[in-house]
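Here is the structure we will look at.
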Amino acid sequence: MPKLTIDGIAIEVPAGVTVLQACELAGKEIPRFCYHERLSIAGNCRMCLVEMEKSPKPIASCAMPVAEGMAIKTDSPMVKKARHGIVEFLLINHPLDCPICDQGGECDLQDQAMAYGAGLSRYNESKRAVEEKYMGPLVKTEMTRCIHCTRCVRFVTEVAGVEGLGLLGRGEHAEITTYLEQALDSELSGNVIDLCPVGALTAKPYAFVARPWELARTESVDVLDAVGAAICVDARDNEVVRILPRLNEAVNEEWLGDKSRFAVDGLKRQRLDRPYLRGADGRLAAVSWSDAFAAIAKRIKGVKGERIAAIIGDMADAEAMVALKDVMAKLDAPHIDCRQDGAAIDPSLRAGYLFNSTIAGLETADAVLLVASNPRAEAPLVMSRLRKAWLTLDAKLAAIGPVPPGNLPVESLGAGAKTLKDVADGKHPFAKVLSAAKRPALILGQGALRRSDVAAVLGTARRAADSLGLIRDGWNGFNMLHTAAARVGALDLGLVPESGARDLAGILEGASGGALDVVFLLGADEIDMAKLGRAFVVYLGHHGDAGATRADVVLPGAAYTEKNATYVNTEGRVQFARRAVHPPGDAREDWTILRALSDALGRSIDMSSLGDARRRLVAVNPIFDRAGAIVPAPWGDFGTEGKLDPAPFVTAIPDYYLTDPIGRASPTMAECSRIFVHHRASRTGTDG
């Protein structure tokens with residue numbers, strides 16, 4: 001390990017680090033604009049200049065590797081003069097937009113001009129102006145402010161994996177552009193806003209909405225997919241105005257998907273803010289809570305438990321799910337299913353439905369087989385980890401079923417389950433790739449679990465994991481990629497039908513055929529509502545989506561930004577969402593509604609506080625007492641051997657932007673769907 005001196009302090013650092021990193025290890029702050037820990041080194045801005053002994057001029061610390069015996073100074077007169085000059089040059093053409101710039105108050109250029117600038121400029125000539133660039137409905141540009149740090153270019157190319165941005169021209173004619181003035185086609189495009197150290201790239205939906213010092217910030221987790229990214233919810237006057245990523249190395253690093261970031265405007269549209277009851281005229285009318293509960297109690301009175309069912313939606317929190325489980329138990333109703341998309345997941349073995357390699361662990365895999373999975377749409381943050389594995393380890397990537405779009409080199413092995421069987425049997429050439437890999441992985445998508453042969457598909461995938469060495473000491477490469485934030489938590493709580501009870505298909509068949517009288521929908525909006533027949537439907541949710549439209553009684557719940565709630569992500573990590581604002585109108589947190597309903601039904605459940613609800617979670621499954629931790633699940637047998645359907649695999653999500661009630665209520669997501677999904681499909685002749 002090289003030894004060097006920084007401002008007179010001797011320090012020993014790992015070989016290969018840069019001078020900038022060594023300075024930070026020594027506790028010295030080095031200003032920078034172009035350098036970013038997760039991107040390649042560019043050395044554009046020169047703001048990180050430091051003095052090196054025996055060097056006639058300052059060096060760019062971000063691009064200089066350390067060497068034995070170096071003597072570095074970070075605060076010498078030469079360094080201060082260099083920083084003054086760099087700031088002066090950066091401000092030569094920078095417009096005085098601070099009063100109207102959305103970056104104001106969070107701007108690196110503001111902060112560093114204040115800390116390291118000279119406080120004056122000798123430049124009196126006319127400033128350069130640059131035309132704005134069109135980057136789609138999410139990213140707003142003011143390219144006159146751009147300092148050409150190229151962070152955005154490097155992120156889009158290296159992390160997002162699309163050739164969307166570049167630097168054209170030379171000298172003062174250089175400009176960042178999308179080449180053909182097209183929208184930036186990436187599900188991670190919003191991260192360039194966070195990366196931009198000036199106000200050149202800002203959030204178009206958030207333009208001129210608020211200043212950072214007006215906002216109250218709450219740390220929470222995202223529930224619009226199953227990754228469970230760490231987020232910050234910024235609110236003003238009981239309204240969520242923006243959502244930003246929060247650092248979590250184990251899950252999302254510091255990135256966030258566009259849907260999770262920009263669907264925020266859907267939180268204030270089509271909201272349910274009071275109970276509704278369908279009258280004799282067939283219309284829903286606003287009623288009081290007591291009237292809504294009385295109507296439910298009247299309809300359920302005398303109904304046998306075997307004629308009552310419940311379906312759980314994709315964004316339900318664990319507290320609400322365990323409360324519903326207890327209510328159904330009090331009613332002696334066995335028909336309950338959390339798999340509203342019809343994915344027949346085998347809940348008998350936890351390792352069989354988890355992302356066992358973990359999201360962070362995926363980037364250490366050197367061979368990955370995707371089965372009926374498109375991580376770019378199902379979990380963009382997982383796709384970024386796959387790309388990192390390819391860039392750093394030259395991981396071999398292959399797919400059975402549709403190949404994810406983008407510039408990641410994924411080899412297409414085949415379309416259906418026969419190819420998966422050939423891989424499991426060792427007959428396919430890629431089986432040798434997996435067997436020879438040090439950390440092989442298989443990612444099974446939800447699209448493979450919505451078929452008639454699902455048990456055989458699961459059995460074949462499990463056999464592939466066993467026979468090809470995916471299960472080893474310290475490594476489990478079998479991964480199920482979920483698309484619903486509620487799914488793993490619901491499976492952990494056992495919210496699937498027991499033997500003899502009805503699953504989703506059975507519930508819909510029973511409701512349409514008259515075998516079921518009452519159906520509870522806990523935020524379930526993705527089912528075919530026409531199949532509920534003449535059943536009495538009670539919907540508990542936060543948006544006026546398909547479920548509320550069909551319901552006979554609507555109970556207004558809280559969205560994920562409006563409640564303290566527990567979620568379990570696709571890798572089995574228990575996480576907490578925290579309330580940033582209060583629910584609108586008369587809406588309440590979901591578990592409290594179910595607690596009050598149980599009283600109205602005369603079947604009270606023992607749950608008087610949030611603490612009671614969480615203690616009940618732990619009683620049902622101790623995994624809920626391990627918040628934030630990954631608990632490795634024992635490997636075993638699941639699935640069956642059977643005949644495989646020759647039909648090709650399909651992916652679970654055709655439209656990334658409109659997968660849930662919040663996204664469907666968002667005008668921003670509707671515009672993204674129109675531009676990115678439908679236009680892409682018209683260009684390529686595919687279904688998106």
Inspect the contact between E187 and R376 and indicate whether a charged nitrogen and a carboxylate oxygen are less than 4.0 angstrom apart.
yes
Compare every heavy atom of L370 with every heavy atom of P404, then report the nearest pair and how far apart it is.
CG-CD1, 3.7 Å
Show the nearest heavy-atom pair for residues A250 and R573, with the distance to one decimal.
CB-NH2, 3.5 Å
Cation-pi, Y656 ring and K259 (6.0 angstrom, 45 degrees):
yes
Could you go through the salt bridge (charged side-chain N to carboxylate O under 4.0 Å, His left out) check for E214 and R236 one step at a time?
CA-CA 7 Å; E214 300 175 314; R236 181 182 65 181; 3.2 Å; yes
Only pairs at least two apart or in different chains count here, so list each salt bridge (Lys or Arg N to Asp or Glu O under 4.0 Å) that has a residue in residues 48-67.
none
Residue pairs fulfilling salt bridge (Lys or Arg N to Asp or Glu O under 4.0 Å) with at least one residue in residues 155-173, sequence neighbours excluded:
none
Which heavy-atom pair separates A263 from S666 by the least distance, and what is that distance?
CA-OG, 4.0 Å
Is a side-chain donor-acceptor pair under 3.5 Å present for T141 with K204?
no
Test of understanding: with salt bridge (Lys or Arg N to Asp or Glu O under 4.0 Å), list the residues that count as partners of E411, not counting sequence neighbours.
none
Going by side-chain hydrogen bond (donor to acceptor under 3.5 Å, both in side chains), name the residues that satisfy it together with R217, two or more places apart in sequence or in a different chain.
D234
Between H543 and G266 (side chain of the first, backbone of the second, donor and acceptor by atom type, cut-off under 3.5 Å), is there such a pair?
yes
Out of D258, L138, V264, which residue meets the side chain to side chain contact (heavy atoms under 4.5 Å, CB included) rule with T668?
L138
So that I can tick it off, tell me whether E671 and R674 are bridged by a salt bridge, with the cut-off set at under 4.0 angstrom between side-chain N and carboxylate O.
yes
Is there a donor-acceptor contact under 3.5 Å from the side chain of T5 to the main chain of G8?
no
List the atom pairs, donor and acceptor, that lie under 3.5 Å between side-chain atoms in residues 87-99 and the rest of the protein, sequence neighbours left out.
{"from": "E88", "atom 1": "OE1", "to": "R122", "atom 2": "NH2", "distance (Å)": "2.9"}
{"from": "E88", "atom 1": "OE2", "to": "R122", "atom 2": "N", "distance (Å)": "3.1"}
{"from": "E88", "atom 1": "OE2", "to": "R122", "atom 2": "NE", "distance (Å)": "3.0"}
{"from": "N93", "atom 1": "OD1", "to": "R128", "atom 2": "N", "distance (Å)": "2.8"}
{"from": "H94", "atom 1": "ND1", "to": "R145", "atom 2": "O", "distance (Å)": "3.1"}
{"from": "D97", "atom 1": "OD2", "to": "R145", "atom 2": "NE", "distance (Å)": "3.0"}
{"from": "D97", "atom 1": "OD2", "to": "R145", "atom 2": "NH2", "distance (Å)": "3.3"}

Strictly distance-based, threshold 3.5 Å: is any side-chain N or O of N238 a donor or acceptor partner for the main-chain N or O of H582?
yes
Using a cut-off of 6.0 Å, state whether more than 12 heavy atoms not belonging to R387 lie near its atom CZ.
yes
Passing option when L201 is tested against M135, E142, R151, K140 for side chain to side chain contact (heavy atoms under 4.5 Å, CB included):
M135
Report, one line per pair, each donor and acceptor closer than 3.5 Å where one atom sits in a side chain of residues 58-75; sequence neighbours left out.
{"from": "S61", "atom 1": "OG", "to": "C48", "atom 2": "O", "distance (Å)": "2.7"}
{"from": "E68", "atom 1": "OE1", "to": "K3", "atom 2": "N", "distance (Å)": "3.0"}
{"from": "T74", "atom 1": "OG1", "to": "D7", "atom 2": "OD2", "distance (Å)": "2.5"}

Mind jotting down which residue pairs meet the ring-ring contact (aromatic ring centres under 6.0 Å, His included) criterion with at least one end in residues 137-190? Sequence neighbours excluded, please.
F155-W255
Taking salt bridge (Lys or Arg N to Asp or Glu O under 4.0 Å) as the cut-off, I'd like each qualifying pair that reaches into residues 9-25, sequence neighbours left out, listed once.
E24-R32
Any residue meeting salt bridge (Lys or Arg N to Asp or Glu O under 4.0 Å) with R38, in chain and number order, not counting sequence neighbours:
E249, E253, E254
Please tell me whether D222 and S260 have a donor and an acceptor in their side chains that are separated by less than 3.5 angstrom.
yes
Side chains of E378 and S373 only: does a donor on one sit below 3.5 Å from an acceptor on the other?
yes
Less than 4.0 angstrom from a charged side-chain N to a carboxylate O is my criterion; do R242 and E106 meet it?
yes
Counting only pairs under 3.5 Å, give me each side-chain donor-acceptor contact of residues 357-364, with atom names and distances, residues two or more places apart or in other chains.
{"from": "S357", "atom 1": "OG", "to": "N479", "atom 2": "OD1", "distance (Å)": "3.1"}
{"from": "S357", "atom 1": "OG", "to": "N479", "atom 2": "ND2", "distance (Å)": "3.1"}
{"from": "T358", "atom 1": "OG1", "to": "G361", "atom 2": "N", "distance (Å)": "2.9"}
{"from": "E363", "atom 1": "OE1", "to": "R385", "atom 2": "NH1", "distance (Å)": "2.7"}
{"from": "E363", "atom 1": "OE1", "to": "K388", "atom 2": "NZ", "distance (Å)": "3.4"}
{"from": "T364", "atom 1": "OG1", "to": "G361", "atom 2": "O", "distance (Å)": "2.6"}
{"from": "T364", "atom 1": "OG1", "to": "R439", "atom 2": "NH1", "distance (Å)": "2.9"}

Counterpart residues, salt bridge (Lys or Arg N to Asp or Glu O under 4.0 Å), relative to R246 (two or more places apart)
E219
R261: partners by salt bridge (Lys or Arg N to Asp or Glu O under 4.0 Å), with sequence neighbours left out
D194
Test applied, side chain to side chain contact (heavy atoms under 4.5 Å, CB included); reference residue, Y657; option that passes from D655, I653, T659
D655
